Asker: 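Dropping a structure here in structure tokens format, bear with me for questions.
No experiment lies behind these values; they were computed from the predicted model shown.
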Amino acid sequence: MRRSSGRRETRGKAGRPWSANIHALPLDIARVLIGGVLFVYFLNALRQSRDFSDPDGLIDHRLVARLLPPTRISLFQPGMPGVFFRAVHLCACAASLLVIAGYHPRTAAAFLFLAAVSTLRWNVLASYLDDAMMHVFCLWLVLLPVGDTLTLPGILEHGWSTATADWLKTTVPGLTPRVFLANMALVYLVAGLYKFTSPMWRDGSAMHAALRMPIARAPDFWTLRWRTPLRLVTWAALVMEPLFALIFVLPTGSPLKWPLVAGAVVFHLGIAFTLKIPYSNAAMAGALPLALGPEIMQVGLGLPPPQGTAASAFAPSEIVALTLVALIVITLVWEAANTGRRLRERYSAKGWDNPVRALLWTVGIFQSYRLFDWVDARNYHLRFEVRRIAPGRPASRGPEPEPPDAAPAYPGAEPTAADRSAGRRLDPDAMFPRTMRHLLLQSYLVGNIWLRMSPDKLDAVRRSLLERHARRYARMHPEAGTVDVVAVVQRVTADNLELTRGVRRPLMRFTCRGGDAVMHSQG
């Protein structure tokens, strides 16, 4: 087992106070928790490989590589077989277990970083907040001095009693952990302050709108009866989120720290349980033990503060950590300075108007801490009507208002007279699943895009997605016959929380034949 040594604790006038040693145990508690989140994240990526990673899945990766060339900076390249992506995700699950066990955790995290970055870029059309945060947590596990405590090899070699006694005394250099905490504080501060630019956050309707969107776990539950409670929750989150940054800078024993920590835990668990964004919120909560390190060790376990500081020379990992956070700060300042300004080029496939962001992307970092301030522009509710139709029935001609008595189609619902005249209603979830990645792909079908791209490129992506969704359905339902698909789209605004203003948009008509789809029309 590795222990504190002169290599880690150089004392004297040359030392740097901000690099004062910290106890290693809270850092490794965070390592175990984050490692557990990474395991579930990559297990889910493995489970979803068929739809998103495979060459014949929902995403045309050759098209994406041509339209978005920066995504080619990846382990994954067009033409690779589906078994390769499954192998990488399976190895990532194994590497996550190594991180949890403390067996060469930094080496395992380096592989996880490459796998996470490659997955984000390979599935860029379906990438979201969880992907952005997971690859950054992987990088921090490489940089942080983890693996000195809470290790399975240590228990096997020395036994539980000896190992735990040693872990309580183990210290590590504190500079990189403190820089990591600064990064975490930035997430809360920037995400919280940007919400004040959102009219829906300021008027208290943002949370209700988000919970009525398909990204919510139970959007039909949050009816108008929740308007007032959710307005209070929205305003509470608006005030509290930037204050959570204080968790990482308040002194040990501050009376404000524990209420803020409790609020942050409720905040992250609330998001994870109500919205389909579990991994980033679980990882952020998993990082809190490091911020509470002094309370855990000195107050909880009664140990004295650790002694010693690191040597005056910066270690390579410390240089990288400082550079990383400095570049992220520059990126955030650049983004804030340009907020609200009209860009010279409205559409950009590369999106490299910020050169610092372009540099970070090149080395594998994609970060934006503007979380949920997009609700004003992206507050769309989307559902689908899928019907098996009789041969020769004319296709729908264009968008039309949804009838006032129209209701979502649920599996097993009794068909109405209108259903019988139009054809048998099918389960829309069989064609358009409701996982977060599927929902992101579906947003491109109605123009609610998350990546900036020109109209002609968006049209190419949309047509490709329609064809591949049809092929997927025909492969799973070869006897379905001719199928007509309509999207019902509406904005989720403060005056439309009941979702009564849907507009019907024909998407496509195709015939399932021999396990493949013959496309007849696209809306």
Asker: Looking at every heavy atom in both Phe111 and Ala95, which two are closest together, and how far apart are they?
Answerer: CD2-CB, 4.0 Å

Asker: With rounding to the nearest 0.5 angstrom, report the NZ to CE distance, Lys169 to Met297.
Answerer: 12.0 Å

Asker: Are more than 12 heavy atoms, taken from residues, nucleotides or ligands other than Arg62, located less than 6.0 Å from that residue's CZ atom?
Answerer: no

Asker: Taking Lys276 first and then Asp130, would you say they form a salt bridge - that is, a charged N and a carboxylate O separated by under 4.0 Å?
Answerer: no

Asker: Determine the minimum heavy-atom distance between Ile247 and Ala291, stating which atoms define it.
Answerer: CG2-CB, 3.9 Å

Asker: If you apply the rule side-chain hydrogen bond (donor to acceptor under 3.5 Å, both in side chains), what do you find for Thr119 with His89, and how did you get there?
Answerer: CA-CA 9 Å; Thr119 299; His89 291 145; 3.1 Å; yes

Asker: Working to the nearest 0.5 angstrom, can you tell me the gap between Leu139 CG and Phe180 CZ?
Answerer: 10.5 Å

Asker: Looking at Phe84, I want to see if its CZ is surrounded by more than 12 non-hydrogen atoms of other residues, nucleotides or ligands under 6.0 Å.
Answerer: yes

Asker: Could you point out which residue of Leu440, Val461, Thr71 forms a side-chain contact (heavy atoms from CB on, under 4.5 Å) with Leu125?
Answerer: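 Going through Leu440, Val461, Thr71 one by one, the side-chain contact (heavy atoms from CB on, under 4.5 Å) with Leu125 is satisfied by Val461 alone.
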
Asker: Quick one: pull up OG1 in Thr252 and CD1 in Ile296 and give me the separation to the nearest 0.5 Å.
Answerer: 11.0 Å

Asker: Are Trp122 and Phe52 side-chain neighbours, meaning at least one heavy-atom pair lies under 4.5 Å?
Answerer: no

Asker: Should Leu303 and Gln298 count as side-chain neighbours, where that means a heavy-atom distance under 4.5 Å?
Answerer: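 SC-SC contact between Leu303 and Gln298 ruled out.
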
Asker: What verdict does the side chain to side chain contact (heavy atoms under 4.5 Å, CB included) test give for Leu250 and Leu260, after you've listed the backbone C-alpha separation in whole Å, the side-chain angles of each residue and the deciding distance to 0.1 Å?
Answerer: CA-CA 10 Å; Leu250 287 173; Leu260 288 173; 4.0 Å; yes

Asker: Just by modelled atom types, is the Leu238 backbone N or O under 3.5 Å from a matching donor or acceptor in the Arg202 side chain?
Answerer: no

Asker: Could you check, using the six-membered ring where one of them is a Trp, whether His469 and Tyr444 have ring centers closer than 6.0 angstrom?
Answerer: no

Asker: With a 3.5 Å distance limit and no angle check, can you tell me whether Gln442 reaches the backbone of Pro433 through a side-chain donor-acceptor pair?
Answerer: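 Flag set: sc Gln442 to bb Pro433 pair under 3.5 Å.
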
Asker: Whether Arg472 and Asp56 form a salt bridge (side-chain N of Lys/Arg under 4.0 Å from carboxylate O of Asp/Glu) is what I want to check.
Answerer: no

Asker: Does the Asn183 side chain pair with the main chain of Val325, one donor and one acceptor, at a distance under 3.5 Å?
Answerer: no

Asker: State, without any angle test, whether Asp166 and His158 hold a side-chain donor-acceptor pair at a distance under 3.5 Å.
Answerer: no

Asker: Is the side chain of Arg437 donor-acceptor paired with the backbone N or O of Ala126 at a distance under 3.5 Å, no angle test?
Answerer: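 The answer is yes, because a donor-acceptor pair under 3.5 Å joins these two groups.
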
Asker: At their closest point, which heavy atom of Pro306 faces which heavy atom of Thr171, and how far apart are they?
Answerer: CB-CG2, 3.5 Å

Asker: Side-chain contact test, heavy atoms from C-beta onward, threshold under 4.5 Å: evaluate it for Trp258 versus Leu292 and give yes or no.
Answerer: yes

Asker: State, to 0.1 Å, how close Met134 and Leu38 come at their nearest heavy-atom pair, and which atoms those are.
Answerer: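 Here Met134 and Leu38 meet closest at SD-CD2, 3.8 Å.
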
Asker: Working to the nearest 0.5 angstrom, can you tell me the gap between Leu63 CG and Leu465 CG?
Answerer: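 With rounding to 0.5 Å, CG (Leu63) is 8.5 Å from CG (Leu465).
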
Asker: Classify the ring geometry of Tyr279 against Tyr41: parallel below 30°, tilted from 30° to 60°, perpendicular beyond 60°.
Answerer: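 Because their plane-to-plane angle is over 60°, the rings of Tyr279 and Tyr41 count as perpendicular.
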
Asker: Is the count of non-hydrogen atoms from other residues, nucleotides or ligands lying under 6.0 Å from Phe273 atom CZ greater than 12?
Answerer: no

Asker: Checking the side chain of Asp28 only, and the main-chain atoms of Thr149 only, is there a donor and an acceptor separated by less than 3.5 Å?
Answerer: yes

Asker: Go through it in stages, so that I can follow the logic: the residues are Leu46 and Val88, the test is side chain to side chain contact (heavy atoms under 4.5 Å, CB included), and I'd like the CA-CA distance, side-chain angles, deciding distance and then a yes or no.
Answerer: CA-CA 9 Å; Leu46 175 64; Val88 170; over 6 Å; no

Asker: Could you tell me whether a side-chain N or O of Glu295 sits under 3.5 Å from a main-chain N or O of Gly253, the two making a donor and an acceptor?
Answerer: yes

Asker: What I'd like to find out is whether the side chain of Phe42 reaches to under 4.5 Å of the side chain of Leu112, using heavy atoms alone.
Answerer: yes

Asker: Can you check side chain to side chain contact (heavy atoms under 4.5 Å, CB included) on Leu382 and Met213, steps first, answer last?
Answerer: CA-CA 8 Å; Leu382 175 65; Met213 294 170 64; over 6 Å; no

Asker: Do the side chains of Leu58 and Arg471 get nearer than 4.5 Å, heavy atoms only?
Answerer: no

Asker: Say you draw a straight line from CG of Leu211 to CG of Asp220; how long is it, rounded to the nearest 0.5 Å?
Answerer: 12.0 Å

Asker: Can you find a heavy atom in the side chain of Val83 that is under 4.5 Å from one in the side chain of Pro81?
Answerer: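 Val83 reaches Pro81 side chain to side chain.
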
Asker: Answer whether the closest heavy-atom distance between the side chains of Val136 and Trp140 falls below 4.5 Å.
Answerer: yes

Asker: Specify the closest pair of heavy atoms between Ser317 and Leu143, including all atoms of both residues, with the distance to one decimal.
Answerer: CB-O, 3.6 Å

Asker: With a 4.0 Å cut-off, would you call Asp148 and Arg31 a salt bridge?
Answerer: no

Asker: Donor-acceptor pair, distance only, cut-off 3.5 Å: does the side chain of Thr170 make one with the backbone of Ala24?
Answerer: no

Asker: Checking the side chain of His268 only, and the main-chain atoms of Val265 only, is there a donor and an acceptor separated by less than 3.5 Å?
Answerer: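 No; zero donor-acceptor contacts below 3.5 Å.
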
Asker: I'd like to check Tyr194 versus Val190 (side-chain heavy atoms, cut-off strictly below 4.5 Å). Are they in contact?
Answerer: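 Sidechains of Val190 and Tyr194: in contact.
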
Asker: How close do Arg434 and Pro219 get, heavy atom to heavy atom, and via which atoms?
Answerer: NH2-CG, 4.1 Å

Asker: Would you compute the distance between atom CG of Leu290 and atom CG of Leu33 and round it to the nearest 0.5 angstrom?
Answerer: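 These two atoms lie 11.5 Å from each other.
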
Asker: Within the distance-only criterion (no hydrogens, no angle test), does the side chain of Arg106 pair as donor or acceptor with the backbone N or O of Gly147 below 3.5 angstrom?
Answerer: no

Asker: Keeping the roles fixed (side chain from Lys195, backbone from Pro242), state whether a donor-acceptor pair exists under 3.5 Å.
Answerer: no

Asker: Decide yes or no on side chain to side chain contact (heavy atoms under 4.5 Å, CB included) for Leu288 and Phe248, but give the supporting numbers first.
Answerer: CA-CA 9 Å; Leu288 292 176; Phe248 305 95; 4.1 Å; yes

